[in-house]
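Below is one structure, written out as structure tokens; the observations come after it.
Along the sequence shown, the residues carry numbers beginning at 1. Just so you know, these numbers come straight off a predicted model, no measurement behind them.
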Amino acid sequence: MDKHLGSLLEEIHELERVVEQKIQQTKKNLPFEIQNGRAVFRPEVRKQHRALVKHALKMLRESSFLMIATAPVIYSLIIPVSLLDLFVTVYQRVCFPVYQIPLVKRSEYVVIDRHLLSYLNVIEKFNCVYCGYSNGVLAYAREIASRTEQYWCPIKHAKHVKGCHKRQCMFCDFGDAEGFRSGYVELRSRFADLEAAEAIVPSD
């Protein structure tokens, strides 16, 4: 990997850290504290939250027929998502130690906590659990897949690919046979960026 690309990757990682800090920055303006891994609101705030609950029956009455009719289609995806969660977890636990690839920490991707908010009704809480789990599993599986691709096929595509994962920045260029053969062994074990990211503790 050339020095210019290396410096770009460092800038990308730094920008990612800044974005994460900005996303979490709103916590400083909200009246809650993290205790034992959970957000705890002051009693008066919880009272205000409960006063803003929109009852589930009222929410259903205001929903269109098509919105209600399509809900089972959305919820049916829990089956493949759960299977994906199970299979990728077993896969990385069995294979990553053999390949000497760092394990992906599931708890960093699958975060379910929004259902604890007292201003949500039972339907909204259920939806928050569902969305947090599903999106978390997809992000978790994507990271496992990206590390696998780096190990087995670290070659960029010839065509432009939308939504490619960030690890592809380190891959060999399409058609660069010499670069692939000379750098393959080193590239498939290049996970220093993960160690650097773990060394940085996000600010509260």
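Counting heavy atoms from C-beta on, the side chains of Cys164 and His157 never come closer than 4.5 Å.
Rounded to the nearest 0.5 angstrom, Arg106 CZ and Glu143 CD are separated by 15.0 Å. Rounded to the nearest 0.5 Å, atoms CZ (Arg50) and OG (Ser118) are 6.0 Å apart. Remark: Leu116 CG to Lys125 NZ distance equals 7.5 Å, nearest 0.5 Å. Met170 contributes atom CE, which lies 6.5 Å from atom CG of Leu187 (distance to the nearest 0.5 angstrom). One distance of note links CG of Leu60 with CG of Asn121; it measures 8.0 Å at 0.5 Å rounding. Remark: Ile74 CD1 to Asn127 CG distance equals 8.0 Å, nearest 0.5 Å.
One hydrophobic cluster, built from ILVMFWY side chains closer than 4.5 Å, cannot hold both Tyr119 and Val122; they sit in different ones. Follow the hydrophobic side-chain contacts under 4.5 Å out from Val98 and you reach Phe87 in the same cluster. Using a 4.5 Å cut-off between side-chain heavy atoms of Ile, Leu, Val, Met, Phe, Trp and Tyr, with links allowed through other members, Leu83 and Tyr109 fall into the same hydrophobic cluster. Cluster membership for Ile155 and Trp152, using ILVMFWY side-chain heavy atoms within less than 4.5 angstrom, is shared. Grouping the Ile, Leu, Val, Met, Phe, Trp and Tyr side chains by contacts below 4.5 angstrom, directly or via other members, places Val94 with Leu86.
A side chain to side chain contact (heavy atoms under 4.5 Å, CB included) with Val88 holds for exactly one of Ile144, Val104, Thr148; it is Ile144. Tested against Tyr140, the residues Lys105, Gln92, Glu108 include a single side chain to side chain donor-acceptor pair (under 3.5 Å) partner, Gln92. With respect to Tyr99, the ring pair (Phe, Tyr, Trp, His ring centres under 6.0 Å) criterion is satisfied by exactly one of Tyr91, Phe191, Tyr151: Tyr151.
Counting non-hydrogen atoms of neighbouring residues, nucleotides and ligands closer than 6.0 angstrom, the NE2 atom of His55 reaches no more than 12 such neighbours. No more than 12 heavy-atom neighbours from other residues, nucleotides or ligands sit within 6.0 angstrom of CD on Glu178. Atom OH of Tyr184 has more than 12 neighbouring heavy atoms from other residues, nucleotides or ligands inside a 6.0 Å radius. Few gaps surround CD1 on Ile68; more than 12 heavy atoms of other groups in view lie less than 6.0 Å from it. No more than 12 heavy atoms of other residues, nucleotides or ligands shown are found within 6.0 angstrom of CD1 on Ile79. Atom CZ of Arg181 sits in a sparse spot, with 12 or fewer heavy atoms from other residues, nucleotides or ligands closer than 6.0 Å.
Using a 4.0 Å cut-off between a side-chain N of Lys or Arg and a carboxylate O of Asp or Glu, Glu124 and Lys54 do not qualify as a salt bridge.
Heavy-atom minimum distance, Ser107 versus Val111: O-CG2, 3.7 Å. Between Val81 and Val137, the closest heavy-atom pair is O-CG1, 3.7 Å. Nearest heavy-atom pair, Ile123 versus Ala56, reported as atom, atom and distance to 0.1 Å: CD1-CB, 3.7 Å. Closest heavy-atom contact between Phe171 and Cys153: CE2-O, 4.1 Å. Residue Gly179 comes nearest to Cys172 through the heavy atom pair O-SG, 3.9 Å, listed as atom of the first residue, atom of the second, then distance. Pairing each heavy atom of Arg188 with each of Val185, the nearest pair is CG-O, 3.3 Å.
Remark: side-chain polar atoms of Ser134 are not paired, donor with acceptor, to backbone N or O of Cys131 under 3.5 angstrom. When atom types are taken as modelled, the side chain of Gln150 and the backbone of Arg190 share a donor-acceptor pair closer than 3.5 angstrom. A donor-acceptor distance shorter than 3.5 angstrom exists from the side chain of Arg147 to the backbone of Leu103, with no hydrogens or angles considered.
Ring orientation note: the planes of Phe126 and Tyr130 are close to parallel, at an angle under 30° on the 30°/60° scale.
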Would you please test Asp176 and Lys156 for salt bridge (Lys or Arg N to Asp or Glu O under 4.0 Å) and show each step?
-> CA-CA 10 Å; Asp176 182 9; Lys156 297 176 184 177; over 6 Å; no
